[in-house]
Amino acid sequence: MVNDGLLTLSENVADLGGMAASLQVVSEMSNPDYKAYFESNAKMWKSTTTKEFAATLSTNDVHSANKVRVNRTIVNFPELSLGWHVCRSGGSRLDFLS
């Protein structure tokens with residue numbers, strides 16, 4: 001399933017802005033738990049749907065699929081590597097929602 005990037009662009013930017021703002025709050029805590037933060041964010045977006053409904057959404061919804069909203073947003077923040085030992089250049093990725 002492929003999302004239409006032109007259709008979802010504004011919401012993708014909004015997702016990045018929301019995560020940046022909430023991460024700023026977390027980073028100001030005395031002992032920020034980035035692992036818990038990213039896990040909680042992923043759990044919030046868990047959902048189940050049929051393939052047919054997902055296909056309809058991918059061509060009509062201004063929001064990316066939930067899996068995309070999680071997995072492609074979090075990789076833009078260096079705090080992710082503070083919660084996990086992630087090598088950004090290694091080619092592997094974390095799938096919080098598969």
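The closest side-chain donor-acceptor pair between Asn12 and Thr8 falls under 3.5 angstrom. Asn66 and Ser47 are linked by a side-chain donor-acceptor pair at a separation below 3.5 angstrom, with hydrogens and angles left out of the test.
Of all heavy-atom pairs spanning Glu79 and Leu23, the tightest one is OE1-CD1, 3.8 Å. The heavy-atom pair separating Phe77 from Leu16 by the smallest distance is CZ-O, 3.5 Å. When all heavy atoms of Phe38 and Met19 are compared, the closest pair comes out as CE2-SD, 4.0 Å.
When hydrophobic clusters are built by joining Ile, Leu, Val, Met, Phe, Trp and Tyr residues whose side-chain heavy atoms come closer than 4.5 Å, directly or via intermediates, Ile74 is not grouped with Val68. No continuous path of ILVMFWY side-chain contacts below 4.5 Å connects Val75 to Leu9, so the two sit in separate hydrophobic clusters. No continuous path of ILVMFWY side-chain contacts below 4.5 Å connects Leu6 to Val13, so the two sit in separate hydrophobic clusters.
One N or O on the side chain of Ser22 and one on the backbone of Gly18 form a donor-acceptor pair closer than 3.5 Å. Formation of a donor-acceptor pair under 3.5 Å by the Ser40 side chain with backbone atoms of Tyr37 is not found in this model.
Summarising the geometry, atom CG belonging to Asp61 is positioned 11.0 Å from atom CG belonging to Asp4; distances are rounded to the nearest 0.5 Å. The distance from the OG1 atom of Thr59 to the CG atom of Leu7 is 8.0 Å, given to the nearest 0.5 Å. Here CG of Asp15 is found 7.5 Å from NE2 of His63. Values are rounded to the nearest 0.5 Å.
Within the 4.5 Å cutoff, side-chain heavy atoms of Tyr34 are placed close to those of Ser27.
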